[in-house]
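Only one structure is covered here, and it is reproduced in the block below.
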Amino acid sequence: MNLIENKLKTIIIEAIDKTFSYQVNMDDVVIEIPKDKLHGDYATNIAMRLAKQLKQKPMDIANALLPMFLNNSDFITNVEIAGPGFINFTLCNERLADIITVVLKAQDDYGRSDSGKHVRVNLEYVSANPTGDLHPGHARGAAMGDSVARLMRFAGFDVTSEYYVNDAGNQINNMALSLQARYFQRCGVDTPIPDDGYNGPDLIAIADKLYLEEGSKYLSIDKEESLPFFRSYGLQEELNKLKSDLELFRVKYDVWTSEQSIYDRDLVAKVVQKLKDADMTYEFEDALWLKTTLFGDDKDRVIVRSNGLYTYLTPDIAYHIDKFERGFDRLVDFLGADHHGYINRLKAGVLALGYNKDQIEIDIIQMARMIKDGAEFKMSKRTGKAVALKDLIEEAGVDAVRYYFANRAADTHMDFDLDMAVKQANDNPVYYAQYAHARVCSILRSGKDYPTASFYDGLNHPKEIDLLKHINEFPVVVSDAAITRQPHKICNYIQKLASMFHSFYGECKVLDEDNVVLSQQRLALVSAVKITLKNALNLIGVDAPERM
RNA sequence: GCGCCCGUAGCUCAGUUGGAUAGAGCGUACGCCUCCUAAGCGUAAGGUCGCGCGUUCAAUUCGCGCCGGGCGCGCCA
């Protein structure tokens with residue numbers, strides 16, 4: 001996993017065992033890189049943590065361990081005890097530089113791990129209704145979901161990304177009716193959009209397309225009779241748009257599942273029967289209720305209405321059960337915070353059929369509040385009042401938009417100023433990181449004729465040591481970000497790496513014909529920076545340009 | 001009213017299973033290209049970590065109570 005830290009942990013565990021005859025696990029040893037360089041390269045608080053168990057003062061424990069560490073002088077060059085009982089290590093520079101060999105060998109795979117143990121995970125995100133264009137509010141979920149999918153794959157999870165298409169509810173009927181009205185309008189027949197209809201410009205465009213293809217053919221057909229056509233035509237067009245917009249945003253799904261197909265495969269009736277058999281339901285006022293309160297919900301929920309129709313929840317439970325039956329060990333959903341009240345009832349439906357709490361996890365992504373002309377701008381597919389994601393991407397660029405959203409923790413309530421988005425795109429920290437990559441590439445181009453270094457004993461400048469230690473951290477950061485599903489941790493890592501490189505660049509001249517030995521070693525370090533930076537950017541779906 | 005989330009620099013946000021002097025970007029002030037890309041580097045100013053109590057050797061971090069903001073509480077989807 002991590003060359004340096006694992007070795008240090010092993011030494012610490014051995015020292016504790018030999019000194020106190022006390023066994024400590026790898027996970028109990030916390031190693032950190034101190035903020036202040038005066039505190040060495042790495043530090044541990046193990047003496048403080050063991051104080052209670054060993055019934056000794058932290059300082060006494062640390063002092064007792066000290067001689068054991070000095071036995072490893074080929075690896076540890078200095079040990080100091082400081083503050084309330086921290087043990088600070090200064091390591092041999094050449095051992096730190098060993099990471100370069102590792103990175104150059106691994107290339108695109110540097111940072112990859114098997115932390116996920118090939119657990120089969122289904123990741124569902126966005127799943128916006130196919131009734132209008134994606135808008136910037138969806139971008140956060142898309143950037144998060146896709147980045148987490150990339151992260152988890154890199155960390156050894158077996159990930160399938162999935163989009164659930166809500167094509168069975170009455171919102172699709174409303175879309176069909178609205179499209180029909182737009183088509184009639186296009187044919188010159190004044191037809192109002194229904195009250196619950198969709199007024200977005202997307203349906204006007206789809207009606208135009210249909211008119212171009214088929215002329216006024218459907219004008220003469222009975223409206224009720226032609227509705228299924230408008231429904232399927234509109235659905236197909238909306239879906240195609242969803243797919244191409246997401247692809248433009250570099251978000252690809254492995255599987256698209258339609259809600260209608262869940263009905264068609266008779267999975268909904270089956271799941272209702274299963275819930276009945278499990279004694280998880282009861283009838284009340286002509287409706288069938290699910291006992292979701294048994295699993296932490298506020299109140300029980302209707303799954304079959306008194307009119308015989310299902311609620312939205314019922315096929316969704318069936319859908320999630322079907323995912324398990326397709327062989328997934330774990331289901332992860334990303335849900336907008338406006339749907340957080342839905343979490344418990346969906347989980348309850350799954351748990352009611354015997355699945356485990358650890359098998360279904362629903363992450364909330366907080367709302368990104370849109371600001372326009374200094375005030376909140378509520379987007380709505382119904383009124384058609386919205387800015388299309390596609391337009392935003394075209395103006396601000398995929399990299400800037402993706403980075404902007406990936407850079408924030410999911411539980412942050414954030415404001416997204418639509419007027420400033422394009423203006424601020426140039427100030428986006430993503431360019432700082434991309435520029436570092438372009439600079440790296442430029443150096444490597446200029447230094448391509450230098451011989452390859454085989455050892456790195458000359459790398460001892462503080463800026464070089466910083467880089468080596470940070471590069472060494474990458475695999476740990478990746479698996480942590482993957483397991484906690486927090487891509488912003490990768491952004492933090494990227495900013496720090498770029499900052500360290502820019503600082504190094506200012507102080508250390510890489511190419512120097514009068515000192516070829518140092519130059520070739522620094523070139524190797526720069527190569528390692530390039531590989532690490534590129535791999536990190538790729539995890540959040542951002543390009544690593546060779547030139548800028 | 002009940003539930004979930006948030007409150008850290010002028011603004012947008014980080015803060016590593018609780019750790020040493022709380023950080024970054026943007027903005028502000030002042031320096032730095034005869035040298036590998038100045039989309040950069042360096043220095044400085046800017047904070048009662050919403051408020052209070054508790055747990056701990058140690059709290060921005062954990063618990064409880066307030067205050068302020070967002071969202072949700074349909075036999076809609």
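Chain letters run A, B, ... following the sequence lines, proteins first and then strands; every chain starts at 1. Atoms considered below: every heavy atom in the structure, side chains included; atoms not considered: hydrogens, waters and symmetry mates.
- When the salt bridge (charged side-chain N to carboxylate O under 4.0 Å, His left out) test is applied to A:Arg485, the partners found at least two apart in sequence or on another chain are A:Glu361, A:Asp363.
- As rounded to the nearest Å, B:G15 and B:G7 have P atoms that lie 10 Å from one another.
- Atoms CD1 and OG1, on A:Ile303 and A:Thr292 in that order, are 10.0 Å from each other to the nearest 0.5 Å.
- A:Arg231 and A:Asp167 are not joined by a salt bridge, as no carboxylate oxygen comes within less than 4.0 angstrom of a charged side-chain nitrogen.
- Taking the six-membered ring wherever Trp is involved, the centroid distance between the rings of A:His461 and A:Phe504 does not fall below 6.0 Å.
- Note on A:Arg305: a side-chain N or O is less than 4.0 Å away from OP1 or OP2 of B:A77.
- In this entry the base of B:C33 is syn relative to its sugar, with a glycosidic angle within 90° of 0.
- Nearest to the side chain of A:Val302, among B:A38, B:C75, B:C13, sits B:C75.
- Evaluation of the side-chain hydrogen bond (donor to acceptor under 3.5 Å, both in side chains) rule for A:Tyr404 yields no partner, not counting sequence neighbours.
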Table please: side-chain donor-acceptor pairs of residues 53-66 of chain A below 3.5 Å, with sequence neighbours left out.
unit_1	atom_1	unit_2	atom_2	d
A:Gln53	OE1	A:Tyr22	OH	2.5
A:Gln53	NE2	A:Arg49	O	3.3
A:Asn63	ND2	A:Met59	O	3.0

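- A:Ser519 contributes no side-chain N or O that, together with a main-chain N or O of A:Leu511, makes up a donor-acceptor pair within less than 3.5 Å.
- Residue-to-nucleotide contacts include a donor-acceptor pair under 3.5 Å from the side chain of A:Asn88 to the base of B:A20.
- Partners of A:Ala368 by side chain to side chain contact (heavy atoms under 4.5 Å, CB included), not counting sequence neighbours, listed by chain and number: A:Arg140, A:Met370, A:Phe405, A:Met414.
- Comparing B:C11 with B:C51, their P atoms sit 16 Å apart, to the nearest whole Å.
- Remark: the separation of the C1' atoms in B:G18 and B:C62 is 8 Å, to the nearest Å.
- Side-chain N/O atoms of A:Lys276 and A:Gln273 include no donor and acceptor closer than 3.5 Å.
- Checking side-chain atoms of A:Gln434 against main-chain N and O of A:Asp543 turns up a donor-acceptor pair under 3.5 Å.
- A donor-acceptor contact under 3.5 Å is not formed by the side chain of A:Ser503 with the base of B:C41.
- Judged purely by atom type and a 3.5 angstrom limit, A:Gln520 uses its side chain to pair as donor or acceptor with the backbone of A:Thr452.
- As judged by a 4.0 angstrom heavy-atom cut-off over every strand, A:Cys508 is placed among the base-contacting residues.
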So which protein N/O to nucleotides 67-71 of chain B N/O distances come out below 3.5 Å?
unit_1	atom_1	unit_2	atom_2	d
B:C71	OP1	A:Lys378	NZ	3.4
B:C71	O2'	A:Ala337	O	3.3

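- Judged by distance alone, the side chain of A:Glu464 and the main-chain N or O of A:Leu525 form no donor-acceptor pair under 3.5 Å.
- When ring centroids are compared, A:Tyr312 and A:Tyr342 come within the 6.0 Å threshold.
- Residues forming a side chain to side chain contact (heavy atoms under 4.5 Å, CB included) with A:Asp338 (at least two apart in sequence, or on another chain): A:Met367.
- Nucleotides B:A20 and B:U34, compared at atom C1', are 45 Å apart to the nearest Å.
- No donor-acceptor pair closer than 3.5 Å links the side chain of A:Ser261 to the backbone N or O of A:Asp264.
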Give the C-alpha distance, both sets of side-chain angles, the deciding distance and a yes or no for side-chain hydrogen bond (donor to acceptor under 3.5 Å, both in side chains) between A:Glu162 and A:Thr257. CA-CA 7 Å; A:Glu162 186 151 335; A:Thr257 299; 2.7 Å; yes
What N/O pairs connect the protein and nucleotides 57-64 of chain B at under 3.5 Å? Give each pair on its own line.
none

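- Among B:U12, B:C75, B:A38, the nucleotide with an atom closest to any side-chain atom of A:Tyr505 is B:A38.
- Close to B:A39, at under 4.0 Å from its OP1 or OP2, lies a side-chain N or O of A:Tyr435.
- Here A:Val477 lies out of heavy-atom contact (under 4.0 Å) with every strand.
- For A:Tyr432, the side chain to side chain contact (heavy atoms under 4.5 Å, CB included) criterion is met by A:Gln495, A:Ala498, A:Ser499, A:His502, not counting sequence neighbours.
- Among the heavy atoms of the strands lying under 4.0 Å from A:Asn129 are primed sugar atoms or P, OP1, OP2 only; no base atom is included.
- Stems are defined here as 3 or more consecutive Watson-Crick or G-U wobble pairs with pairing distances under 3.5 Å; those involving RNA chain B are B:1-7 with B:67-73, B:10-13 with B:23-26, B:28-32 with B:40-44, B:50-54 with B:62-66.
- Counting any heavy atom pair closer than 4.0 Å across all strands shown, A:Tyr342 reaches a base atom.
- Across the protein-nucleic acid pair, A:Leu537 atom CG and B:A39 atom C1' stand 15 Å apart, rounded to whole Å.
- Residues from residues 131-141 of chain A lying near RNA chain B, meaning a heavy-atom separation below 4.0 Å, are absent.
- At the heavy-atom level, A:Arg547 lies under 4.0 Å from base atoms of the strands shown.
- In this structure, A:Ala82 reaches the bases: a heavy-atom distance under 4.0 Å links it to at least one base atom across the strands shown.
- Between the side chains of A:Lys463 and A:Ser503, a donor-acceptor pair is found at a separation under 3.5 Å.
- Distance, A:Asp411 CG to B:G15 P: 9 Å, rounded to whole Å.
- Nucleotide B:A20 holds its C1' atom 15 Å from the NZ atom of A:Lys37, rounded to whole Å.
- OP1 or OP2 of B:C41 lies within a sub-4.0 Å distance of a side-chain N or O belonging to A:Tyr432.
- Applying the 4.0 Å criterion to OP1 and OP2 of B:A77, one finds that A:Thr311 has every side-chain N and O outside that range.
- Looking at residues two or more places apart in sequence or on another chain, you find no salt bridge (charged side-chain N to carboxylate O under 4.0 Å, His left out) involving A:Asp300.
- As judged by a 4.0 angstrom heavy-atom cut-off over every strand, A:Glu285 is placed among the base-contacting residues.
- Within the 4.0 angstrom heavy-atom criterion, no nucleotide atom of any strand lies near A:Asn428.
- A:Asn170 has its CG atom 13 Å from the C1' atom of B:G74, to the nearest Å.
- Near RNA chain B, defined here as any heavy-atom distance below 4.0 Å, the residues from residues 481-502 of chain A are A:His488, A:Asn492, A:His502, listed numerically.
- Among the heavy atoms of the strands lying under 4.0 Å from A:Lys299 are primed sugar atoms or P, OP1, OP2 only; no base atom is included.
- Residue A:Glu546 is in base contact, counting any heavy-atom pair closer than 4.0 Å across all strands shown.
- At a threshold of 4.0 angstrom between heavy atoms, the contacts of A:Ala43 include nucleobase atoms, whether or not backbone atoms are also involved.
- Backbone-only engagement by A:Thr412 is indicated by non-hydrogen atom pairs under 4.0 Å involving sugar-phosphate atoms exclusively.
- Rounded to an integer number of Å, the gap from OH of A:Tyr310 to C1' of B:C76 is 18 Å.
- Counting only heavy atoms from C-beta on, A:Arg439 has its side chain closest to B:U37 among B:C76, B:U37, B:G19.
- The separation of B:U21 from B:U28, taken at their P atoms, amounts to 33 Å, rounded to a whole angstrom.
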